[in-house]
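Single-structure report; data block below.
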There are 2 protein chains.
Amino acid sequence: MGSCGRRQFFVTGLLADNHPPAEAKARLAERFRVWSSRAFDLAGCPVRGVLDALGDKWTTLIVITLSQRPHRFSEIQRAVPDISKRMLAQTLRDLERDGLIARRVFPTKPPSVEYRLTDLGESLLDPLVGLIAWAERNQGPIAEARTAFDAAVAD
Amino acid sequence: MGSCGRRQFFVTGLLADNHPPAEAKARLAERFRVWSSRAFDLAGCPVRGVLDALGDKWTTLIVITLSQRPHRFSEIQRAVPDISKRMLAQTLRDLERDGLIARRVFPTKPPSVEYRLTDLGESLLDPLVGLIAWAERNQGPIAEARTAFDAAVAD
DNA sequence: CAGAATCCTTCGTGATACTG
DNA sequence: CAGTATCACGAAGGATTCTG
C-alpha cells in the first residue's frame, strides 16, 4: 500500500483527554511540535496509516454497511452500488487483515460466508460518523466554493 | 475526481444532535434506512465526497501543517516530507477550490504566496483529529492483527 | 455462492524542464 | 519564489473467465 515516504510523518498523543470543539487546532499544534522534532527518526505514521486504509473507493461504504448487521458476501454486493466481486473480495480481505471485520464460513452447500465488524471495527464508527457529519454539514458551502472558484478561473 | 457511481450512496442527517461514544452505530443505522430508500434517486454523497477530497496522498498532511499557522508555498514543501512541487500545487489548488484554504499573493519580487485555512477548513480539524486519535489508539491492535493474519495465511 | 486468476484500462503520482 | 507543462510509469480498479 501507500508509504509514509522515506521520512516519516509522525503525530502521537492526540487522545490524551477529550476534545471540545475548536480544541482540535491546539491539540494538533502540540502534536505537530512532537512530529517536527522527530520527523525523520521514528517509524509509525497514524495519518498515513488510516488514510491508506480508509481512503480507497470502497472500504468505508463496506464498513457502514456492516455497521448495521452482519452481511453475507452477496448481500454486501447488493448493498454497495456498483462494486465488483473482485474489489469486494479484496477490500474484505484487507479489512479482515487489519482486524476490523471477522469472517465466518458456514459449511453449507453452496457455501455461505458471513462478515461482521469486530469490536475494533465498531470503534471506528464513531470517528467515521464525525467525518460524515462534517461532510453533510458542509456540502453546501463546498459546492458554492467550487462554483465560485470555477467561475473566477474562467475569467 | 472520483464519482459516486451511477447509483448514489446517500447518507444524511447524521448531525441532528451530538453523539456520545457507541451511539455511532445507531446513528448510522437510522441514516442507512434513508440511504436505502432513495439510494438510486438522489444526488449528493457525503461519504464519497469527503473521501475523494481527503483520501489522496497529501491533502490531510497539508491541512495539518496549515492548522498551526499560515504557510508559504515553499514552507509547506519543507514541512511535508517528499511532496513534489507538482503535487503540492495541485493539492493546494483543490483545497482552495473546495474553500478549505485561502490563497493570498503578496506582490513582492520575487513573489510570495501565503496559504491559510479558512473557517471551513478549520472546522475540518475536529473530525480529523478524531480519526487520527483513533488511528493512534489502535495502531498496535491493527499491527498485531496483520501479523496474525499473514502468519495464518502462510499456513 | 463465494471467491481466485487473468487481462486490460485509467488515474494518480513523480521526474524533469520551463516561465513570470 | 511560485508555479505550469510535458512525459512516463506503477498501482488501483473494472471486465471477464474459471473453480470448489
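All values reported here derive from a predicted model rather than from experimental measurement. The sequence lines fix the lettering, A, B, ..., with proteins before strands; numbering per chain opens at 1.
Q77(A) has its CD atom 9 Å from the P atom of dA2(C), to the nearest Å. Taking atom CZ on R103(B) and atom C1' on dT4(D), their separation rounds to 12 Å, with Å as the unit. Atom CD1 in I76(B) sits roughly 13 Å away from atom C1' in dC1(D) (whole-Å rounding). In this structure, L95(A) atom CG and dG3(C) atom C1' are separated by 16 Å, rounded to whole Å. Atom pair R78(A):CZ and dC1(C):P shows a separation of 7 Å (rounding to whole Å applied). Counting to the nearest Å, the C1' atom of dA2(D) and the CZ atom of F73(B) are 6 Å from each other. Note: CG (L88(A)) to C1' (dC1(C)) measures 12 Å, nearest angstrom. Atom pair L51(B):CG and dG12(C):P shows a separation of 14 Å (rounding to whole Å applied).
Two different hydrophobic clusters hold L66(B) and F106(B) under the rule that ILVMFWY side chains link at heavy-atom gaps under 4.5 Å.
The pair R146(A)-E144(A) does not count as a salt bridge, with every side-chain nitrogen at least 4.0 angstrom from each carboxylate oxygen. A salt bridge is absent between E122(B) and R116(B): the closest approach of a Lys/Arg side-chain nitrogen to an acidic carboxylate oxygen does not fall below 4.0 angstrom.
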query: Passes side chain to side chain contact (heavy atoms under 4.5 Å, CB included), Y115(A) versus V113(A)? Steps please.
result: CA-CA 7 Å; Y115(A) 294 89; V113(A) 181; 3.7 Å; yes
- prompt: Would E114(B) and R69(B) satisfy salt bridge (charged side-chain N to carboxylate O under 4.0 Å, His left out), going step by step from the backbone distance to the final call?
  reply: CA-CA 10 Å; E114(B) 177 196 89; R69(B) 56 174 177 79; over 6 Å; no
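S74(B) has a side-chain polar atom (N or O) that falls below the 4.0 Å cut-off from OP1 or OP2 of dA2(D). The side chain of R72(A) contributes an N or O atom lying less than 4.0 Å from OP1 or OP2 of dA2(C).
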message: Each nucleotide in nucleotides 13-20 of chain C should get exactly one letter: B, S or -. Can you fill that in based on protein heavy atoms under 4.0 Å?
response: BBB----B
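Taking the salt bridge (charged side-chain N to carboxylate O under 4.0 Å, His left out) definition, one finds that R103(A) meets it with nothing, sequence neighbours left out.
W58(B) does not carry R93(B) over the face of its six-membered ring by the limits of under 6.0 Å from the centre and within 45° of the normal.
Residue contacts for Y115(B): at a heavy-atom cut-off of 4.0 Å it reaches the sugar-phosphate backbone alone, with no base atom in range.
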